[in-house]
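All remarks here apply to the structure that follows.
Chain A is the first sequence line, chain B the second, and so forth, proteins listed ahead of strands; every chain is numbered from 1. Only a predicted model underlies this, so the values are computations on that prediction, with no experimental measurement involved.
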2 protein chains.
Amino acid sequence: MTKLSELRTAGDIRAEDLADDGIRAEQIRTALAHAVALRVLAYRVEHGLSQTALARQLGMQQPAVARLEAGDHEPTFSTLERLARGLGIEFHIDITPATSGLRDTA
Amino acid sequence: MTKLSELRTAGDIRAEDLADDGIRAEQIRTALAHAVALRVLAYRVEHGLSQTALARQLGMQQPAVARLEAGDHEPTFSTLERLARGLGIEFHIDITPATSGLRDTA
DNA sequence: GAGAATAATAACATACTTGTTATCGCAGAT
DNA sequence: ATCTGCGATAACAAGTATGTTATTATTCTC
């Protein structure tokens, strides 16, 4: 399993950091899946919910939550949006051109 | 078609802004697809590339580029990552708890 | 007008994520 | 030991994005 202390501090993913050098796309996908998994698991533990309870809150079944927490699949944007609504999680997708200078939003 | 002047200024998407009130998940998906479409089209026009040439640069076929620029499908993270590498586009996926400073609201 | 290049679309196969049900192992409580 | 809740996994159906080829309309050039 994963330590809870690390779950609290898990913040965000930046695709550029992950995709930077020699990392494979496979690892990118697992990295995103892992980050989402940590968020879901953290929320669930923090709120003292069972997978079944959280599943009901998200409008899905317990195995779906288990699969999310497993972090083996790359979640869809639809899934992310679903989590954002159900868990109060915010996710930002910033698409900026690399050549026209860095955005001030970052 | 789309005006080029707007393409330059198209910056980023924030899922929270889009998903905020009564917008459907369907529109979220199209919004992301549209943003990616604008980025791809902007890059292609700025560099004076044909869809075929850009497709070769990205390692795919011309209809795939056309489909991306059409913006009807929600791109996968794998596709985004592919674009990021091929076009030099940066995309950040930030997953943060809802109230960035405060803990567990909902 | 003929020809070439470009962009859009159709059509199909493939891969992957998700939805769902059933099941299994495990720990706690009675 | 039994029962109950929890979490993980298997297995299958369904939806969707992608890979790919072929085709069509359009525009530009000669």
Side-chain angles (χ1 to χ4, degrees), chain A residues 1-4 7 24-38 40-87 91 93, chain B residues 1-2 4 7 24-87 91 93:
Chain A
M1 281 301 185
T2 326
K3 297 201 203 74
L4 256 195
L7 297 184
R24 307 289 171 281
E26 278 291 331
Q27 291 174 316
I28 292 277
R29 294 168 51 175
T30 60
L32 174 65
H34 278 20
V36 172
L38 288 180
V40 173
L41 180 58
Y43 177 93
R44 191 168 67 81
V45 174
E46 287 175 1
H47 293 258
L49 297 174
S50 64
Q51 285 184 349
T52 307
L54 181 58
R56 183 165 44 244
Q57 176 174 333
L58 290 172
M60 50 204 228
Q61 265 72 18
Q62 174 262 329
V65 175
R67 200 155 43 182
L68 279 177
E69 291 185 0
D72 46 354
H73 292 328
E74 171 188 15
T76 310
F77 282 104
S78 305
T79 301
L80 281 188
E81 198 268 345
R82 196 171 185 173
L83 294 178
R85 298 196 181 215
L87 307 185
F91 62 96
I93 305 161
Chain B
M1 279 301 185
T2 326
L4 258 193
L7 296 182
R24 307 289 170 281
E26 278 291 332
Q27 291 174 314
I28 292 277
R29 293 168 52 176
T30 61
L32 174 66
H34 279 20
V36 173
L38 288 181
R39 276 271 150 263
V40 173
L41 180 57
Y43 178 92
R44 191 168 66 81
V45 174
E46 286 174 1
H47 290 70
L49 296 174
S50 64
Q51 285 185 350
T52 307
L54 182 58
R56 183 165 44 243
Q57 177 174 333
L58 290 172
M60 50 204 228
Q61 266 72 18
Q62 174 263 329
V65 175
R67 198 155 45 184
L68 278 177
E69 292 185 0
D72 45 354
H73 292 327
E74 172 188 16
T76 310
F77 281 105
S78 306
T79 301
L80 281 188
E81 199 268 344
R82 198 170 184 175
L83 293 178
R85 299 196 180 214
L87 308 185
F91 63 97
I93 303 162

| query | Quick one: side chain to side chain contact (heavy atoms under 4.5 Å, CB included) partners of B:Gln57, sequence neighbours excluded? | reply | B:Tyr43, B:Leu49, B:Leu54, B:Leu87
Would you mind reading off the distance between [X] atom [atom1] and [N] atom [atom2], rounded to a whole angstrom?
{"X": "B:Gln51", "N": "C:dA4", "atom1": "CD", "atom2": "C1'", "result": "17 Å"}
{"X": "B:Arg56", "N": "D:dG19", "atom1": "CZ", "atom2": "P", "result": "17 Å"}
{"X": "A:Glu74", "N": "D:dA17", "atom1": "CD", "atom2": "P", "result": "13 Å"}
{"X": "A:Leu54", "N": "D:dC6", "atom1": "CG", "atom2": "P", "result": "12 Å"}
{"X": "A:Phe77", "N": "C:dT18", "atom1": "CZ", "atom2": "P", "result": "12 Å"}
{"X": "A:His73", "N": "D:dA17", "atom1": "NE2", "atom2": "P", "result": "17 Å"}
{"X": "A:Asp72", "N": "C:dT17", "atom1": "CG", "atom2": "P", "result": "8 Å"}
{"X": "B:Leu49", "N": "C:dT6", "atom1": "CG", "atom2": "P", "result": "10 Å"}

| message | Of the listed nucleotides (D:dA8, D:dC6, C:dT18), which one gets closest to any side-chain atom of A:Pro75? | response | C:dT18
| query | Looking at the side chain of A:Glu69, which of D:dA8, D:dG7, C:dT6 is the nearest nucleotide? | reply | D:dA8
Short heteroatom pairs, N/O only, protein and nucleotides 20-24 of chain D, under 3.5 Å:
unit_1 : atom_1 : unit_2  : atom_2 : d
D:dT20 : OP2    : B:Gln61 : OE1    : 3.0

Taking only the side-chain nitrogens and oxygens of [X], find out if one of them lies under 4.0 Å from OP1 or OP2 of [N].
{"X": "A:Thr76", "N": "C:dT18", "result": "yes"}
{"X": "A:Thr52", "N": "D:dG7", "result": "no"}
{"X": "A:Ser78", "N": "C:dT17", "result": "no"}

Considering all heavy atoms, the nearest [X]-[Y] contact:
{"X": "A:Ala37", "Y": "A:Leu68", "value": "CB-O, 3.3 Å"}
{"X": "B:Gly71", "Y": "B:Ala33", "value": "O-CB, 3.2 Å"}
{"X": "B:Leu58", "Y": "B:Gly86", "value": "CD2-CA, 3.6 Å"}
{"X": "A:Gly59", "Y": "A:Arg82", "value": "O-NH2, 2.7 Å"}

| query | So do the side chains of A:Thr76 and B:Glu74 get within less than 4.5 Å of each other, counting heavy atoms only? | reply | yes
| Pairs where residues 61-70 of chain B contributes a residue and the test salt bridge (charged side-chain N to carboxylate O under 4.0 Å, His left out) is met, not counting sequence neighbours | B:Arg44-B:Glu69
